[in-house]
Structures are given as structure tokens and as C-alpha cells.
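Step one of this worksheet: look at the structure below.
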Amino acid sequence: MRWTQTFIPTLKEVPAEAEIPGHQLMLRSGMIRQLMAGAYTFMPLGYRSVRKVSQIVREEMDRAGAIELFMPALQPIELFERTGRKDAFGNVLFNFESRRGDRNLHFALGPTHEEVITDLISREIKTFRQLPLTLYQIQTKFRNEERPRFGVLRTSEFLMKDAYSFGTSLEQLNEAYDAMYNAYCRIFERCGLEYIPVEAESGPIGGDASHEFMAPADNGEDFVVRCSSCGYAANQERADTGRSATVPPAQDGAADPEKVDTPNAGSIEDVSAMLKADPATFIKTLIYMADGKAVAVLIRGDHEANEGKIRRALDAADVALADEATIERVTGAPVGFAGPVGVDCDILVDHDIGAVSSAITGANEKDAHLTGVIPGTHFQFEQTHDLRNADAGDKCPRCDDSLEIVHGIEVGHVFKLGTKYSESLDATYLDSDEKKNPIIMGCYGIGVTRVVASIVETCHDEGGIVWPMAVAPYTVELIPLNVKDEEVMTVSNRVYDELTAAGIDVLMDDRDQRPGFKFKDADLIGLPIRVVIGGRGLKEGIAEVRRRSESDAQKVPLVDTIRVVQEIIAAG
RNA sequence: CGGGAUGUAGCUCAGCCUGGCUAGAGCGCUACGUUCGGGACGUAGAGGUCGCAGGUUCGAAUCCUGUCAUCCCGACCA
């Protein structure tokens, strides 16, 4: 492709709306343009990378035995009502009505395709002989993001590969899951994207039923907890801590807690400022409703409660913070003054509480707190649990080292669904005993446009993008330094034709611009290999070949140019 | 959805607080000339309903009210 014949509007200045490097670079390199918040046009350059990533995804899905199909983005709302996800998605689901003749039809724009594919399978699959089967598509998804962010990283419309496996047994599910997991590793490796597979929150199936693939990036919205010695990695919601139970014995003759006035100070922050005390000496008492029953959850003041862990500790199906009325009934005080001493419900205690020797807690009385509260003495408990988010420095659950926290971008997710959708949409098969069973499903997603954004976000230097070879919009940027010089252009055109004939994606910057200008743009758009043809080099019969990732160019005899480029490509 | 900020030329921004003649700069763009190996220079130009609507005022980019849009922080995220 010749630059003058395509459409690559680069920007010298950083657009005001872009905050993070990846967004700035995609805008500046002319890869994307914004239409509105959360919706972007992929320009010719950006779209080439999208297609390269899509192609890698497609090849690896095919290799893993998945079969491609293409489903409608436009879907009847009724399917989401049947699975209960109309309410679960809430405002995130685009749904609207439209007239057709004298009828009013109610549609959704697909946020993902479990419903559509399960409905399809329910109609077409009759017998165990037709299974297992894994289907996938690469399609635009729609989610009404409350807050689109970071350019193409978080949008209301995005390109996603979604795959669904259907089987008759847990073994078939595990086989499909493993195949997808391995395919994902290959995909991210081929894309040149650093990734960490992490254990993720997986709902009722538990265990290893869900993994997220995270690209480590400072601007990532997710937190990954990992151990650098044993490789344990999990997202922050899921991560276990290697802490153990500590139940202190009751102390005889310990002084009673002292009540202090804390007018209008209901938060840990307020009270710690008022009493000049470290939040780590507080016990935070959160009143939760677990399957309709109130529970007081005790967490150290400087920690974050984790609802998933609380739910599992209580073996409850549903856990949520209690409403004000419940809190007042249980504690006898307004919100903000709950404490474990004298609270009228069960208590659930985090591991770290046992180690607090003398704590500040709510007094279960308006505008008052207790100091000198001794766990095990002033309130009793028989067991402690892991109830909070993991933190940097916590002990690893698998080895003796400690955990660290890194930011990450979620680029893929594999999930053992089980029979949630097959049951609600009646997707069943007949087994060899002629018995009807729900099909066992898995779902597997990769955000294609998000992968592109993650690569740009993580692969760049001061000058611009530094594309990994496999996903670069073009592999080579060929720069004739002076397009008015006939000899330079003759040679450049020849090299261009030869590179093209060798099957190499080449972009020739044939614009009538000064060399410095073109070099800057070349660094910006960041193609992996730069070939420069200039009058000076021509006198010596050489071209300059430079990898974008290296600072020095090598002088190559003109006749060897193609070979050298091919060698660089082969070396990756 | 809660909090904060911004909206002036294609882009980046000044001007607004303290209202006043024809609304500015740099970059980009057009023409001509000089230049030509890391974002050149000169000359001459084009380009603006100051987001939109209403109000206050003799007079509004500037003050007030509303509204829309975008961005940031937080909540949410099958």
C-alpha cells in the first residue's frame, strides 16, 4: 500500500480527551476515531490490526476443533426474559421496541450470545450422538456501558470472539474447556501480548471453573493477585490468602471496653481522624443479609470485605449488604455505629480479627464507639474465615512466599457454565437410555478489539507504537526519502514490488514530505521493520533496514534487502 | 447513578475572574518561492453560529438559568 493512496491521518498533538498512552497512540496514529462516547470507527490502519488478531483467533479456534458460525446481533428480548438475564443485565442490555406493521416488537442488541446459541442448539440437537460440539463466532457485541473509558478498551460496542461448548458429561466439558484454555494461550502468545491466566470468580460450580486472561498493564481496571515464586495467580475477587484461623482465648479479668462519644462520625475515616487512631485497630462491622438472615461480618478497619468469600463462608446462595431498617433492628443504632458487642445476630469473623489485641468498634448506639474491645473476650467466636480481598504482602495460599498485586486488562475469559442456560432454554439431548438430560455448556470469550488496545497500551516507547510482528497493520514501512528524486523512486518502487511479491505487507510512505517528518510518523505508527531508501545510501548501493524495537539501522546492499527483511520476519 | 472538570479555527490552547471597537496564538491547511537524512523557512491567504437555548444588560465568548456533549474520580460491569 502507498501512503498517498490510503487514509492514515496522523496527529502531531495529543488529543485532549485521551488520558492513557494506548488511547493517545491509537488516536495519533490514525487507527481509530471517536464517533461518540463508547463508539469508535476503526480506520484503515487500525482495522488491519483488528483483522490480523481476528485471523489468529480464527486459526487457533479451528485448530482446537471449534466451528465458526455467525449469529444475529439483533435478538428478541423474550430469550433474555427466559434466562432471567434481562433483569441481571439491567441497563447494560440495550433493549428497545420497534413497530412492524401493527405489531410492537421488543428487541435486544446482543451483549453476548448464550441465549441465541442455546436456543439454536435446543432446536437442532436431539441425541448424545451429535455431541460434543464447540461453536464460535467473531461478532460485534453491545453493552450499554455506564461509563465508557480509555478509548477502545471499554466501549459500548466492541468486537468479540465468543465460543460455546456443548457436551453430555463433565468430561466432555473439561475437555472442551482445556482445549479453549490452551488455544487462548497460543492466541495471546502469537499476538505478542503478555498475559496471565488467573483463577476467577466462578459462581455455583466453584473450583477451577473459570479463568480470566489478564494482560498486565498499569492502566488496567482489574487487579491481579499473584505469587512470583510459585506462579499462583487469581483476580482480586477470587484470590485466596494463605492466612490461617486465629481464635484467641478469653482473657480473665480484662477491663471492660470504654465507651467514647463520636458525634456524627459513622465511617472508619471519620472516627479514626477523631480519635487519632490507626484504621488497622478498628473492627468494621458490616451487616449482611444472607439468604434472608442477618449476619454481622467483622473485618479489620483497613481491609475490604469480599462478598464472594462471605457467601462461600456462609454457604449461602445470595448475599448482600442489609438495608437500613435491618441494620437498625439488629444493632439498635443508625448506620455507622454497628459493633460486635451485643449485636443481635450471628457474627462471621475474618482471620485478621483474632490478631487485634485491642480494637475500636461501633457501640451499637448512636454517636458512640467502644475502645479496648478484645476479640474472644468481649465477643466470642469459634472460627475465623478468609473474608476480605487479598492484599499485597499477604501470604501465598500455595507456597511460603507473599502475594503481589498488579493491574491488568481482561482480554479473555473461559467459563464452565454447566446447565444454567440449557435448563432455562430447554436444550436437552437423549442419552443411550433414552433419558432426557440438559446439555452441559461452557462459554469462552476474547475481546478482539480489546486485545488490539491492550497491545498498543503495552507495546510502545516515547516515539510511538512498537508493534509485535504478527499483529502489526503492515510488516514493513518503506520510506523513499525524496519522492522527487527519480533514482530513489525507481529503486523504491522496485523494492516495494519485490517485498509485495514475497508476500510481505508493506506500506510505502510516498508522501512528498521532508525525511524528519516521515521518520516521526514511522515511529508513531510503529511498523516492525523500516526500510529507508535515500540518495545518500544509493550512492553506496545500500538501503537501511531498522527494527522498530532497536535504535540502530543496518546498512544492507540493495540486492540483499528483501532477504534481510525476510530473515528479520522469520526471526520474529 | 453520585462527585469533579471542560466546551473558543481541523488539532493544542489563551482570552472569561473584573462585560466594551474588527475574538487571538502555535501547529495544520491553500498558493508561490527557498529548502530537503529526524516534525524547515519566508511571503501572501482561507478558516470561528465562542456547544445550544433562554435571561440580565445600552452592550455577553465573558454574568445568570437551563440544556446537550466530552473527559476524569467513584459505584456498576452476565
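The figures here come from the full heavy-atom set of this structure, side chains too, leaving out hydrogens, waters and symmetry mates.
B/U35 is unpaired under the Watson-Crick or G-U wobble criterion, no partner having all donor-acceptor distances under 3.5 Å. Across all strands shown, B/A46 has no partner, as no Watson-Crick or G-U wobble contact with both distances under 3.5 Å is found. Pair assignment for B/C58 gives B/G20, based on Watson-Crick or G-U wobble hydrogen-bonding distances that are each under 3.5 Å. Judged by Watson-Crick or G-U wobble contacts below 3.5 Å, the nucleotide B/U70 has B/A5 as its partner.
In terms of the side-chain contact (heavy atoms from CB on, under 4.5 Å) criterion, residue partners of A/Ala472 (sequence neighbours excluded) are, by chain and number, A/Trp467, A/Pro528. Among residues two or more places apart in sequence or in another chain, the side-chain contact (heavy atoms from CB on, under 4.5 Å) test is passed with A/Gln554 by A/Val545, A/Val556, A/Val564, A/Ile568. When the side chain to side chain donor-acceptor pair (under 3.5 Å) test is applied to A/Ser165, the partners found at least two apart in sequence or on another chain are A/Tyr444. Looking at residues two or more places apart in sequence or on another chain, you find a side chain to side chain donor-acceptor pair (under 3.5 Å) between A/Arg2 and A/Asn493. When the side-chain contact (heavy atoms from CB on, under 4.5 Å) test is applied to A/Pro76, the partners found at least two apart in sequence or on another chain are A/Leu79. Residues that satisfy the side-chain contact (heavy atoms from CB on, under 4.5 Å) test with A/Leu69, not counting sequence neighbours, are A/Met71, A/Ile117, A/Leu120, A/Leu135, A/Gln137.
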Extract all donor-acceptor atom pairs below 3.5 Å that involve side chains of residues 84-91 of chain A and protein atoms in other chains or at least two apart in sequence.
{"unit_1": "A/Arg85", "atom_1": "NE", "unit_2": "A/Glu115", "atom_2": "OE2", "d": "2.8"}
{"unit_1": "A/Arg85", "atom_1": "NE", "unit_2": "A/Tyr421", "atom_2": "OH", "d": "3.2"}
{"unit_1": "A/Arg85", "atom_1": "NH1", "unit_2": "A/Tyr421", "atom_2": "OH", "d": "3.1"}
{"unit_1": "A/Arg85", "atom_1": "NH2", "unit_2": "A/Glu114", "atom_2": "OE1", "d": "3.0"}
{"unit_1": "A/Arg85", "atom_1": "NH2", "unit_2": "A/Glu115", "atom_2": "OE1", "d": "2.7"}
{"unit_1": "A/Arg85", "atom_1": "NH2", "unit_2": "A/Glu115", "atom_2": "OE2", "d": "3.4"}
{"unit_1": "A/Asn91", "atom_1": "OD1", "unit_2": "A/Asn144", "atom_2": "ND2", "d": "3.3"}

Sequence neighbours left out, cut at 3.5 Å: what donor-acceptor pairs do the side chains of residues 7-16 of chain A make with other protein atoms?
{"unit_1": "A/Thr10", "atom_1": "OG1", "unit_2": "A/Asp521", "atom_2": "OD1", "d": "3.2"}
{"unit_1": "A/Thr10", "atom_1": "OG1", "unit_2": "A/Asp521", "atom_2": "OD2", "d": "3.0"}

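Between A/Tyr181 and A/His211, the angle of the ring planes goes over 60°, which puts this pair in the perpendicular group of the 30/60° scheme.
Spacing of C1' atoms, B/G10 relative to B/G47, comes out at 9 Å, to the nearest Å. One P atom belongs to B/G15, the other to B/U8, and the distance between them is 14 Å to the nearest Å. Rounded to the nearest Å, the gap between the C1' atom of B/C32 and that of B/A46 is 15 Å. Look at the C1' atom in both B/A69 and B/C29: the space between them is 27 Å, to the nearest Å. Taking atom P in both B/C72 and B/G37, the straight-line distance is 41 Å, to the nearest Å. Nucleotides B/G24 and B/G48 have their C1' atoms positioned 11 Å apart, rounded to a whole Å.
Classification of A/Lys484 and A/Asp512 as a salt-bridged pair holds, one side-chain N sitting under 4.0 Å from a carboxylate O.
Contacts classified as ring-ring contact (aromatic ring centres under 6.0 Å, His included) and involving residues 509-555 of chain A (residues at least two apart or in different chains) are not found.
Looking at residues 84-93 of chain A, you'll see A/Arg85, A/Phe89 sit with a heavy atom under 4.0 Å from some atom of RNA chain B.
At a threshold of 4.0 angstrom between heavy atoms, the contacts of A/Tyr421 are confined to the sugar-phosphate backbone, with no base atom among them.
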Could you run through nucleotides 1-15 of chain B and give me one letter per nucleotide, 5' to 3': B if any protein heavy atom sits under 4.0 Å from the base, S if only the sugar-phosphate is that close, - if neither? ----------BSS--

Taking only N/O atoms, report every protein-nucleotides 35-38 of chain B pair under 3.5 Å with atom names and distance.
{"unit_1": "B/U35", "atom_1": "O2", "unit_2": "A/Arg514", "atom_2": "NH1", "d": "2.7"}
{"unit_1": "B/G37", "atom_1": "O2'", "unit_2": "A/Arg536", "atom_2": "NH1", "d": "3.2"}
{"unit_1": "B/G37", "atom_1": "O2'", "unit_2": "A/Arg536", "atom_2": "NH2", "d": "3.0"}
{"unit_1": "B/G37", "atom_1": "O6", "unit_2": "A/Gly537", "atom_2": "N", "d": "3.2"}
{"unit_1": "B/G37", "atom_1": "N1", "unit_2": "A/Glu544", "atom_2": "OE2", "d": "2.9"}
{"unit_1": "B/G37", "atom_1": "N2", "unit_2": "A/Glu544", "atom_2": "OE1", "d": "2.5"}
{"unit_1": "B/G37", "atom_1": "N2", "unit_2": "A/Glu544", "atom_2": "OE2", "d": "2.4"}
{"unit_1": "B/G38", "atom_1": "O6", "unit_2": "A/Arg530", "atom_2": "NH1", "d": "2.7"}
{"unit_1": "B/G38", "atom_1": "O6", "unit_2": "A/Arg530", "atom_2": "NH2", "d": "3.2"}
{"unit_1": "B/G38", "atom_1": "O6", "unit_2": "A/Arg546", "atom_2": "NH1", "d": "3.3"}
{"unit_1": "B/G38", "atom_1": "N1", "unit_2": "A/Asp523", "atom_2": "OD2", "d": "3.0"}
{"unit_1": "B/G38", "atom_1": "N2", "unit_2": "A/Asp523", "atom_2": "OD2", "d": "2.2"}

